[in-house]
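Have a look at the structure below, then the notes.
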Amino acid sequence: MPRPVPAVLSIAGSDSGGGAGIQADLKAFARCGVHGMTAITALTAQSTVGVTGIHPVPGEFIIEQVRTVAADIGVDAVKIGMLGTAETVRAVREALGHIEDGVPIVIDPVMVAESGAVLLDDEARAAIVRELLPLATVITPNLPEARVLAAGAERAGATERGRDDVEDLARALHGLGPANVVVTGGHRDEVTDVFFDGTSVTLLAGERHPDGAAHGSGCTHSSALAAHLALGFSPQEAARAARRLASEAVRDGHRSIGRGPGPVNVLGVAVRAVTPDRLARQA
Ligand SMILES: Nc1ncnc2c1ncn2[C@@H]1O[C@H](COP(=O)(O)OP(=O)(O)O)[C@@H](O)[C@H]1O
Ligand SMILES: Cc1ncc(COP(=O)(O)OP(=O)(O)O)c(N)n1
């Protein structure tokens with residue numbers, strides 16, 4: 001029987017503070033109207049100010065999570081987030097064997113949390129480039145991640161040296177094998193996402209919300225993009241929709257949750273929450 005709504009799988013880490021990682025992914029999936037599923041790669045003890053511990057999930061159990069949901073529910077799109085170690089990258093590569101060929105895969109090559117904590121080691125970065133990027137429908141690095149990945153490509157002789165223009169970075173990253181590249185704009189003044197499909201560059205512009213809260217914006221963006229691919233949108237349309245949703249989530253973000261950069265708010269929950277006071281006023 002066909003699924004009533006598309007089912008989207010996040011293979012990513014848990015953020016105990018609820019701002020990024022699978023917690024952000026499930027909220028973005030709900031906002032987009034798809035059924036969200038998770039295969040957790042690592043537990044982080046994380047808040048808005050930092051990460052105090054990382055507990056990787058054994059590779060075999062990552063594979064089991066994917067195999068189990070794929071066999072019963074099925075998967076219409078995959079989003080891959082925090083991986084952490086090369087062993088995890090290899091397990092995720094194997095887990096993808098349980099998902100039907102042709103299912104779109106979005107890879108957010110998470111390296112550093114907004115608080116500054118490192119979430120990916122060097123060996124894992126090389127493994128992602130080698131094992132996963134060639135399988136991606138879309139990759140969604142932010143600017144620092146794009147620079148690191150492109151520098152690796154230069155060392156491998158795949159690109160010209162010294163290029164740092166964002167459009168050139170997107171072209172260089174396309175050379176690593178993904179079908180489409182979005183370099184997200186949160187780390188640039190104009191906050192324009194740069195989309196490259198191997199032929200042409202499209203600039204996805206929008207409003208900047210300097211007073212918003214952006215912890216989890218990358219996770220929200222890549223999950224919304226995967227959800228829109230599952231809903232049948234083209235990669236470029238999905239990237240445009242994801243940019244808009246992520247931007248609104250930053251605008252509506254909770255600046256005063258935690259002492260560090262606050263979490264995005266993709267569901268607008270502060271506006272919708274029913275409190276005893278609001279209920280009494282409506283009565
Ligand atoms: N201040 C902001 N105003 C509007 N949109 C933003 C802002 N910060 C980030 N975004 C959007 O959120 C998404 C994630 O971007 P980015 O912050 O670059 O990722 P990451 O969280 O991985 O560093 C992108 O679509 C970007 O354009
Ligand atoms: C468990 C986990 N995964 C990913 C991130 C990074 O998330 P991102 O959306 O890029 O947001 P920032 O942390 O950069 O605001 C994370 N922190 N934790």
Side-chain angles (χ1 to χ4, degrees), residues 10-28 38-57 79-84 88 106-120 138-149 166 169 182-195 203-225 228 238-255 257-258 260-266:
S10 167
I11 304 177
S14 162
D15 169 3
S16 57
I22 55 154
Q23 288 81 356
D25 298 346
L26 287 174
K27 285 181 255 186
T38 58
I40 299 181
T41 55
L43 306 178
T44 70
Q46 185 171 173
S47 67
T48 62
V49 288
V51 175
T52 57
I54 299 180
H55 190 63
V57 171
K79 171 254 162 85
I80 297 175
M82 176 188 168
L83 294 169
T88 299
V106 176
I107 301 181
D108 181 6
V110 173
M111 294 181 189
V112 178
E114 182 147 351
S115 58
V118 175
L119 299 175
L120 186 77
V138 189
I139 64 169
T140 64
N142 62 24
L143 186 56
E145 290 160 352
R147 286 188 179 131
V148 169
L149 292 172
V166 183
L169 280 174
V182 181
V183 180
T184 59
H187 297 253
R188 293 195 298 143
D189 287 346
E190 67 268 38
V191 203
T192 297
D193 292 359
V194 175
F195 176 88
L203 301 181
L204 307 174
E207 209 178 328
R208 165 178 265 284
H209 301 294
D211 299 326
H215 174 48
S217 57
C219 299
T220 300
H221 171 268
S222 52
S223 298
L225 206 163
H228 280 79
R240 195 179 294 281
R243 197 247 171 254
R244 184 176 49 76
L245 276 175
S247 166
E248 288 172 4
V250 171
R251 180 196 65 199
D252 298 340
H254 298 296
R255 272 179 303 163
I257 286 187
V264 292
N265 174 16
V266 75

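Atoms within a ligand are numbered from 1 in the order they appear, just like the ligands themselves. Values reported hereafter were calculated over all heavy atoms of this structure, with side chains retained and with hydrogens, waters and symmetry mates removed.
- Interatomic distance, CG of L245 versus OG of S217, reported as 12.5 Å (0.5 Å rounding).
- Looking from atom 17 (N) of ligand 2 to the surrounding protein, the closest heavy atom is Q46 OE1, 2.8 Å.
- Interface atoms of ligand 2 facing A113, defined by a heavy-atom separation under 4.0 Å, are 13 (O), 14 (O), 17 (N).
- Side chain of S222 to main chain of C219: a donor-acceptor pair is present (N/O by atom type, distance under 3.5 Å, no hydrogens or angles).
- Neither the backbone nor the side chain of A12 has a heavy atom within less than 4.0 Å of ligand 2.
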Would you tabulate the polar-atom pairs, meaning N/O of ligand 1 against N/O of the protein, with distances under 3.5 Å, reported to 0.1 Å?
{"residue": "ligand 1", "atom": "1 (N)", "partner": "H209", "partner atom": "O", "Å": "3.2"}
{"residue": "ligand 1", "atom": "3 (N)", "partner": "H209", "partner atom": "N", "Å": "2.9"}
{"residue": "ligand 1", "atom": "17 (O)", "partner": "S217", "partner atom": "OG", "Å": "3.2"}
{"residue": "ligand 1", "atom": "18 (O)", "partner": "T184", "partner atom": "OG1", "Å": "2.8"}
{"residue": "ligand 1", "atom": "18 (O)", "partner": "G186", "partner atom": "N", "Å": "2.9"}
{"residue": "ligand 1", "atom": "21 (O)", "partner": "S217", "partner atom": "OG", "Å": "3.0"}
{"residue": "ligand 1", "atom": "21 (O)", "partner": "G218", "partner atom": "N", "Å": "2.9"}
{"residue": "ligand 1", "atom": "22 (O)", "partner": "N142", "partner atom": "ND2", "Å": "3.4"}
{"residue": "ligand 1", "atom": "23 (O)", "partner": "N142", "partner atom": "ND2", "Å": "2.8"}
{"residue": "ligand 1", "atom": "23 (O)", "partner": "H187", "partner atom": "NE2", "Å": "2.7"}
{"residue": "ligand 1", "atom": "25 (O)", "partner": "D193", "partner atom": "OD1", "Å": "3.4"}
{"residue": "ligand 1", "atom": "25 (O)", "partner": "D193", "partner atom": "OD2", "Å": "2.7"}
{"residue": "ligand 1", "atom": "27 (O)", "partner": "D193", "partner atom": "OD1", "Å": "2.8"}

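- The shortest contact between atom 12 (P) of ligand 2 and any protein heavy atom is with E114 N, 3.4 Å.
- Here the protein heavy atom with the shortest distance to atom 6 (C) of ligand 2 is V110 CG1, 3.9 Å.
- The backbone N or O of L204 sits nowhere less than 3.5 Å from a side-chain atom of R240 that would complete a donor-acceptor pair.
- In summary, the atoms of ligand 2 found under 4.0 Å from a heavy atom of A214, numbered by their order in the structure, are 15 (O).
- For ligand 2, the atoms sitting less than 4.0 Å from at least one non-hydrogen atom of M82 are 1 (C), 3 (N), numbered in the order shown with element in parentheses.
- To the nearest 0.5 Å, atom CG of residue L225 and atom CZ of residue R243 are 13.0 Å apart.
- Looking at L119 against ligand 2, only its side chain comes within 4.0 Å, counting heavy atoms.
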task = Just do the side chain to side chain contact (heavy atoms under 4.5 Å, CB included) check on D25 and T38 with the steps written out, would you?
result = CA-CA 9 Å; D25 298 346; T38 58; over 6 Å; no
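- One finds the CD1 atom of I80 at 12.0 Å from the OG1 atom of T88 (value rounded to the nearest 0.5 Å).
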request  = Using the side chain to side chain contact (heavy atoms under 4.5 Å, CB included) rule, take R244 and E248 through it: C-alpha gap first, then chi angles, then the decisive distance, then the call.
outcome  = CA-CA 6 Å; R244 184 176 49 76; E248 288 172 4; 3.6 Å; yes
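- With rounding to the nearest 0.5 angstrom, the CG atom of N142 is 11.0 Å from the NE2 atom of H221.
- Counting heavy atoms under 4.0 Å from ligand 2, residue S14 touches it through the backbone alone.
- Of the listed residues (I139, T140, V138), just one forms a side-chain contact (heavy atoms from CB on, under 4.5 Å) with I107, and that residue is I139.
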request  = List the steps, then state whether side chain to side chain contact (heavy atoms under 4.5 Å, CB included) holds for T41 with I11.
outcome  = CA-CA 7 Å; T41 55; I11 304 177; 3.7 Å; yes
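- With a 4.0 Å cut-off on non-hydrogen atoms, S217 touches ligand 2 through its backbone and not its side chain.
- The distance criterion of under 3.5 Å between nitrogen or oxygen atoms is not met by G13 with respect to ligand 2.
- The protein heavy atom nearest to atom 7 (O) of ligand 2 is C219 SG, 3.2 Å.
- For ligand 2, the atoms sitting less than 4.0 Å from at least one non-hydrogen atom of H215 are 12 (P), 13 (O), 15 (O), 17 (N), numbered in the order shown with element in parentheses.
- Residue T44 holds its OG1 atom at 5.0 Å from CG of D15, rounded to the nearest 0.5 Å.
- Side-chain contact between L143 and L169: present, with at least one pair of heavy atoms (C-beta onward) separated by less than 4.5 Å.
- Rounding to the nearest 0.5 Å places CG of N265 at 12.5 Å from CZ of R255.
- Closest to atom 11 (O) of ligand 2 among all protein heavy atoms lies G216 N, 3.1 Å.
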